Amino acid sequence: MERNVSRIDLELVRQKVESLGLVPHIFASAQRTTIGITGNKERIDSDLFLSMAGVEDVIQVSKPYKLVSREAKLEDTVVKVGKDEIGGRELTIIAGPCSVESRGQILEIAGILSDLGVKFLRGGAYKPRTSPYSFQGLKQEGLEYLKEAALKTGMHIITEVKDTETLSLVAEYADILQVGSRNMYNYSLLEQIGKLRKPVLLKRAFSATIEELMMAGEYVASQGNYQIVFCERGIRSFDTITRNALDLNAVPLIKKLSHLPIVVDPSHGTGAWDMVLPMAQAAVAAGADGLMIEVHQDPTSALSDGFQSLRPDKFKLLLERLARLAPLMGKSLSAKSAPSLITNN
Ligand code: PEP
Ligand code: MN
């Protein structure tokens, strides 16, 4: 639509889309409003809309994914989470343990991370483990502890939703729903999440092409939830020397193909704590909007993924490095000094 389109012209176009039996998707950003149209079986005649007041242009999206594509919306999408955002000027840092293990553990680490200026607390309560005999998470009890940590620190909670059965419960506690790598192809879960109006972090399956990741995002967007953040977390390769191969091609590719933000998870992407800092830096240099990092106060006793978790002092060093690097990429990050933290560098 034209830059200063009136509400009435916008509404008339919306009604026109519906009268054709199609679905309008309104994307309003600071610069302009775009209306995505889905539900058509064949090409829509552009002239139907070009003749309407307030319409600047009609673009036929050539990609199989429509609403998440850059063609559908030129401006970057900024996902709002409370008063904070993902995909804006500030580099987003999501940090926390792989799993919520106890009340004391999550409250302590949340306090440390919050003192360091971290606004997004991660922690799994429902864990999709490779072995059914491994720790499966504290489930609702874990969600309660996350909530308590959020209330105490003002941080936003991001936690994984494993299935449609627990979606409404997890959505009550989470500020951002995480869809794990193993669930990227769970289309019923994606559709259900699409019916909510809550931000979602969609992790790339370790076997997924970029196009399949885009299509997974499209499942969510097709239901009206456009608050999607993609996450590159490493893919399987022939080389098993690292847990995964962190595919940083994904960052500039997704920036080109989609208007949605992309964050990188170098913890799962490498599976080795001593590779997290260099690959986090590489992700920022590649243009990522943020990072998801596993941090644990005592990785040797962690119930999951201790080998790839950073101790708080190493995490603090990572933040300091990123605070220097981010401005070169047009991002900002204010690393706070946490005086309580003993550093050895
Ligand atoms: C996680 O973030 O703890 C996790 C299970 O990640 P992924 O789904 O990427 O394996
Ligand atoms: Mn993990």
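Sequential numbering from 1 along the given sequence is applied to the chain's residues. Keep in mind that what you see is a predicted model, and the values were worked out from it rather than measured. Remember, it's 1-based here, ligands and their atoms both numbered in the order they're listed.
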Practice task
Report the C-alpha separation of Gln105 and Tyr145 in whole Å, then their side-chain angles, then the decisive distance to 0.1 Å, and conclude whether the side-chain hydrogen bond (donor to acceptor under 3.5 Å, both in side chains) test is met.
Solution key: CA-CA 9 Å; Gln105 173 241 14; Tyr145 298 152; over 6 Å; no
Problem - side-chain hydrogen bond (donor to acceptor under 3.5 Å, both in side chains) between Ser188 and Thr164, intermediate numbers included - result: CA-CA 7 Å; Ser188 12; Thr164 49; over 6 Å; no
Practice task
Decide whether the shortest distance between a heavy atom of Arg204 and an atom of ligand 1 is less than 4.0 Å.
Solution key: no
Practice task
Starting from atom 6 (O) of ligand 1, find the nearest protein heavy-atom neighbour and note its residue, name and distance.
Solution key: Lys203 NZ, 2.9 Å
Practice task
Please check if any side-chain donor atom of Asp305 sits under 3.5 Å from a side-chain acceptor atom of His268, or the reverse.
Solution key: yes
Handout entry: For the Mn ion (ligand 2): the N/O/S atom of His268 at shortest distance
Key = NE2
Handout entry: Distance in Å, Arg122 CZ paired with Ser99 OG, rounded so as to fall on 0.5 Å steps
Key = 7.5 Å
Practice task
Write out the residue and atom name of the closest protein heavy atom to atom 4 (C) of ligand 1, then the distance separating them to 0.1 Å.
Solution key: His268 NE2, 3.5 Å
Exercise for the section: Pick whichever of Gly234, Cys231, Gly124, Ser181 has a heavy atom sitting closest to atom 8 (O) of ligand 1. Expected result: Ser181
Practice task
Would you mind naming the N, O or S atom of Glu294 nearest to the Mn ion (ligand 2)?
Solution key: OE2
Practice task
Looking at Asp305, pick out the N, O or S atom nearest to the Mn ion (ligand 2) and give its name.
Solution key: OD2
Problem - Arg233-ligand 1 polar pair, N/O distance under 3.5 Å - result: yes
Practice task
Please answer whether the main-chain N or O of Gly111 pairs with a side-chain N or O of Ser114 as donor and acceptor at a distance below 3.5 Å.
Solution key: no
Handout entry: Close N or O approach (Asp305, ligand 1; < 3.5 Å)
Key = no
Practice task
Quick one: pull up CD1 in Ile262 and CG in Leu213 and give me the separation to the nearest 0.5 Å.
Solution key: 7.0 Å
Practice task
For the pair Asn225 (side chain) and Leu196 (backbone), establish whether a donor and an acceptor sit closer than 3.5 Å, ignoring hydrogens and angles.
Solution key: yes
Handout entry: Parallel, tilted or perpendicular: rings of His25 and Phe27 (30°, 60°)
Key = parallel
Practice task
May I ask you to check if ligand 1 and Gln178 share an N or O to N or O distance below 3.5 Å?
Solution key: yes
Problem - Protein residue, atom and distance nearest to atom 5 (C) of ligand 1, heavy-atom basis - result: Glu160 OE1, 3.7 Å
Fill in the blank from the handout: among protein heavy atoms, the one nearest atom 3 (O) of ligand 1 is Arg122 NH2, 2.8 Å
